[in-house]
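The next block holds one structure in the form of structure tokens; read it before the comments.
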Amino acid sequence: MFALIHPLTLSTATVGRQLHVSGNVWLAPVAGSTNLPLRRLAFEQGADLTCTELVSARSIAMTGSIEASRRYLRNDGTTPTAIQLFGSEPDEFLRALEIILTQDEFRATRIFDINMGCPVPKVVKTGAGAALMLDPERAATIVRRTADFLTPLGCAVTAKVRRGFHAGDNTVAEFTRRLAQSGISAITVHGRTRAQMYSGTADIGCIAEAVSAVRSENPAVPVIGNGDIRNAASAARMFLATGCDGIMIGRAALGNPWIFTHVKAALAEIKRTVTDIDCTKISSQGRNADFANEHAEILAVATAYDRENPITPCPAVVSETIIKLYRDMVQLDGNFRATREFRHVLLPFFRNTRSAARLRNRAARLSSEAELAEILEEYERTNSNDNEPSER
Ligand SMILES: Cc1cc2nc3c(=O)[nH]c(=O)nc-3n(C[C@H](O)[C@H](O)[C@H](O)COP(=O)(O)O)c2cc1C
């Protein structure tokens, strides 16, 4: 039986040490949103691993300090968190890692992720982010050198990549194969090209191809599927259509951290009720036209789970969660800064709610906890009878 939900072992490259991650449903890094309080909340709701937003290796290396990035790198010692760096020069990564690892706060960090997918022009024009997909040798060198540095310290190097760079490119299979030869411990594949940014739909077929390529090169390297997972059905589909080892959820977790509990419960339900999941078929599913028929039973269980179990709890619990998140952010960053940044964190909580436009409008101008309480009072009042399953 193919285990949809299982712990993951990341084997570090040269000395073969192993790092254990409790499970295979991860929170994606989302710049501007996945700060420590949000990562902690996702972990409490079932995310097995979280990741900081991208932080510049060059800036840390050049200033010799993490001060400018400290607030993005924050950790509480209990939330499993990978640190994500972007850059284009191997030496800058090594210097940045040295500096980060001298800080007590980060000594427990075991996973360092290299961003190879950021589409933003400011990043790409420096040769970093998704631009690394145009230079596989450079990407492989960065992985090799950081792995050589980190492995003796018991740390792993992972990477997050895309389908390709230009519109229509599908270079991810060859690219990930190259990384799998270079000491990488896990690879997340987002099924969009850089040209797509975040628009259109993620291509699941290219993730299946990357899984096959990596598995044939080094079966110990897990591949994590990412892109457009927003409920149990899309999570199950990602596993079944690609044969991936784990999944990563980004936008659907913003304002909806309960998605992790929901997806994991649905996967457990599938495991309980469907007895004939055949893993020998799974790895070829990305290109298999009979996919829907072959896995109809599993997808039906996932779809029924979505239908029968609202992802989002009742409005009172949502409000409580929001208030706690706000207070956590204020505690870390002070009233002024936290309130400004919280507006952005708050908006997605009102996605697909009644009075969404009004609530979002008020959220965008939030200035104090008292005002937040008023907004949440309106939210609860207008949504309190809303027990319908939600697909936020
Ligand atoms: C606003 C925004 C910021 C993002 N920031 C990062 C980042 O810092 N590092 C990264 O690797 N990916 C970043 N991503 C990409 C996500 O991690 C993820 O790959 C993408 O959103 C697709 O997954 P999803 O459909 O589950 O959201 C970002 C995406 C968005 C929309």
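Side-chain atoms are counted along with the backbone in the values below, which use heavy atoms only and exclude waters and symmetry mates. Every number for a ligand or one of its atoms is a count from 1 in the order of the listing.
Close N/O approach between Leu54 and ligand 1 is found [any backbone or side-chain N/O within under 3.5 Å]. At under 3.5 Å, not a single nitrogen or oxygen of Met248, backbone or side chain, sits near a nitrogen or oxygen of ligand 1. At under 3.5 Å, a nitrogen or oxygen of Gly250, whether backbone or side chain, sits near a nitrogen or oxygen of ligand 1. An N or O contact shorter than 3.5 Å is missing between Arg192 and ligand 1 by distance. For ligand 1, the polar-atom distance check against Ala31 finds a nitrogen or oxygen pair separated by under 3.5 Å.
Regarding atom 13 (C) of ligand 1, its nearest protein heavy-atom neighbour is Pro29 O, 3.0 Å. Closest protein heavy atom to atom 31 (C) of ligand 1: Arg251 CD, 3.8 Å. With respect to atom 19 (O) of ligand 1, the closest heavy atom belonging to the protein is Asn226 OD1, 2.6 Å. Nearest protein heavy-atom neighbour of atom 30 (C) of ligand 1: Tyr198 CZ, 3.7 Å. When only non-hydrogen protein atoms are considered, atom 1 (C) of ligand 1 lies nearest to Val30 CG1, 3.9 Å. The shortest contact between atom 12 (N) of ligand 1 and any protein heavy atom is with Lys160 NZ, 3.0 Å.
Neither the backbone nor the side chain of Arg230 comes within 4.0 Å of ligand 1, counting heavy atoms alone.
Within a 6.0 Å radius of CE in Met197, more than 12 heavy atoms belonging to other residues, nucleotides or ligands are found.
Every atom of ligand 1 with a heavy atom of Ala28 under 4.0 Å away is listed here by number and element: 17 (O).
In this model, no donor atom of one side chain and acceptor atom of the other lie less than 3.5 Å apart for Asp169 and Thr193.
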